[in-house]
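As a basis for the values below, the full set of heavy atoms in this structure was taken, side chains included, without hydrogen atoms, waters or symmetry mates. The chain is numbered in sequence order, starting from 1.
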Amino acid sequence: MKPKVLVTREVFEDVLQCLSQYFEVTSNQSDVVMDPETLAAKLSGKQGAIITLSDRIDAALLARCPNLKAVCNIAVGYNNIDLAACTKAGVMATNTPGVLDDTTGDFTWTLILATARRLTEAEAYLRAGKWDGWKLKQFLGLDVHHATLGIFGLGRIGQVVARRAIGFEMRVIYHDVRQAVPEVEQACRASFATKEELLSQADIVTIHVPYSPATHHLIGKSELGRMKPTAILINASRGGVVDDAALIEALRSGTIAGAGLDVFENEPKLNPQFLELKNVVMAPHIASSSLATRHKMAMLAAENLVAALTTGKPPNLLNPV
Ligand code: 8YV
C-alpha cells in the first residue's frame, strides 16, 4: 500500500502526477486555505505533506498527527514551521533553497526601481485622468544609478541583489550576522558595514534576512530614524522583520522618502493605513512568482517528500531527526 500524503494548496498538475507515482495523494486544487483545525483533520493518517507559508506546523498540530514523518515547505523561508517541535516529534522538515534566488532578486529590483521612480504613484495619477501635461518638477524621484545600496543579509538572495547593482554602478554595503568571505564580497563588490553605518549611508536599504525572533522588528522606529530622509526601504523577505506601524509613521512624516514592500505583518491582512499612503509600492508576496520558479519550487518540495519517505534523506532537510 502506498503511503498517504496531503498537498495543502493548489500545485501544478505534473507535481501531483509525480507524487501519485509514490503516494496516495489528497490534494486541494480548489486552493482553500486550511485553518489549523482543518489542517489537523486532513493530516490525520498521513505520513507526509507538501505545505506552504499559510500552514502553521507546531507542537499542538504534531501531537494530533502521530503518523506524520515529513513536512515539505514550498518556500525557502520556514518560519511557519516549529523546527524544534518537528525534531522532537521525529518529523523531517524541508524547504526549497536556491531555485528562487534569481527570481526573487529580480523582483527586489522591480521594487527598488518602481519605488525610487515613484511608478505606481505616477500611474495612479495618470489612470485617474489627472495628467494635464508635462511639468519639469513632476514626480521627481531618486536616482538609482551611482547611489549607495545597503543590503541587510548577504545570503543567497542578498548576493543576487548585490550583483545586479553592478550594472547600476552603485556602491554596495551590507550588514549580516557574519562578514562574508572575501570571494563573496569581491563577486558582489560589497563591503561590510555596521547596522548604523548601513542605515545612515544607504540611499536604498533592502532586506534579505530570514524571519526569526532575532530579526523580529529589525527595522523599527529608531532604525528608520537613522535613515536619510531621501532614502527608500525595500522588503521582499518576511513581514515582521519590519515594524509596519513604525514604517507607516515614517512614510507619513517624511522620515524616509518611500518603501517598496512584498511582505507585511499579519499578511494577507495588511495594515489598512498602507493603502492611504502614496509613497509606498506594494505587492501581494509575489517575489518568487515567475511561472518557471514557482514550478521549480513545487517540484523541489515534491522531490523532498519522495526522498524523505523513501530514503529518509531529503536533499533540503532542515532538522536532525
Ligand atoms: C513563497 C517565499 O512564495 O520562499 C519563500 O520563503 O517567501 C516565497 O517565495 C512563499 O513563501 C510560499 O510559501
Side-chain angles (χ1 to χ4, degrees), residues 104-127 130-131 134-154 157-158 160-175 188-191 193 195-208 218-237 241-244 246-264 273-283 286-287:
T104 304
D106 287 354
F107 194 78
T108 301
W109 277 96
T110 306
L111 288 177
I112 290 173
L113 291 165
T115 308
R117 300 303 302 274
R118 303 170 60 183
L119 181 61
T120 53
E121 185 186 351
E123 188 183 357
Y125 171 87
L126 185 146
R127 284 182 187 271
K130 293 182 185 164
W131 189 27
W134 185 91
K135 292 184 183 67
L136 185 72
K137 290 163 87 176
Q138 205 162 38
F139 292 108
L140 299 175
L142 171 77
D143 270 330
V144 170
H145 64 85
H146 298 99
T148 296
L149 178 66
I151 302 178
F152 274 107
L154 199 67
I157 297 171
V160 167
V161 173
R163 291 199 305 270
R164 306 262 190 284
I166 295 169
F168 287 92
E169 300 178 64
M170 300 175 86
R171 171 180 173 236
V172 180
I173 53 177
Y174 75 96
H175 183 73
C188 295
R189 298 199 205 156
S191 48
K195 183 176 173 185
E196 288 70 29
E197 285 165 348
L198 188 152
L199 289 166
S200 61
Q201 293 176 19
D203 300 300
I204 298 154
V205 174
T206 184
I207 306 169
H208 303 284
L218 174 77
I219 304 293
K221 186 172 189 257
S222 77
E223 288 76 17
L224 291 160
R226 286 176 187 270
M227 288 172 64
K228 298 179 187 181
T230 49
I232 60 172
L233 177 74
I234 306 297
N235 188 11
S237 63
V241 176
V242 175
D243 176 346
D244 282 357
L247 176 59
I248 287 165
E249 185 44 38
L251 290 167
R252 202 178 262 151
S253 62
T255 304
I256 65 169
L261 307 172
D262 186 47
V263 290
F264 302 87
Q273 292 174 55
F274 275 124
L275 305 177
E276 293 157 20
L277 294 168
K278 287 187 175 162
N279 52 348
V280 58
V281 174
M282 294 181 284
I286 57 167

Any side-chain heavy atom of [X] within less than 4.5 Å of one from [Y]?
X	Y	answer
I248	E276	no
T104	V160	no
L113	L119	no
F152	L199	yes
V161	H208	yes

When rounded to the nearest 0.5 angstrom, what is the spacing between [atom1] in [X] and [atom2] in [Y]?
X	Y	atom1	atom2	value
L149	I204	CG	CD1	6.0 Å
L111	I234	CG	CD1	5.5 Å
L126	E121	CG	CD	12.5 Å
L218	H175	CG	NE2	8.0 Å
K221	L247	NZ	CG	13.5 Å
T115	L261	OG1	CG	7.5 Å

How far apart are the closest heavy atoms of [X] and [Y], and which atoms are they?
X	Y	result
A250	L224	CB-CD1, 4.0 Å
G254	P229	O-CB, 4.0 Å
Y125	K135	OH-NZ, 4.2 Å
F274	V280	O-CG1, 3.6 Å
I256	N279	O-ND2, 4.4 Å
A202	A231	O-CB, 3.7 Å

Side-chain (E223) to main-chain (G220) donor-acceptor, under 3.5 angstrom: yes
Main-chain N/O of S237 paired with N235 side-chain donor or acceptor, under 3.5 Å: yes
Test log, rule side-chain contact (heavy atoms from CB on, under 4.5 Å), inputs I173 and Q201: CA-CA 9 Å; I173 53 177; Q201 293 176 19; 4.1 Å; yes
Test ring pair (Phe, Tyr, Trp, His ring centres under 6.0 Å) applied to Y174 - qualifying residues, sequence neighbours left out: F192
Option from H146, R171, K228 for which side chain to side chain donor-acceptor pair (under 3.5 Å) with D203 holds: K228
CZ (R252) with more than 12 external heavy atoms under 6.0 Å: yes
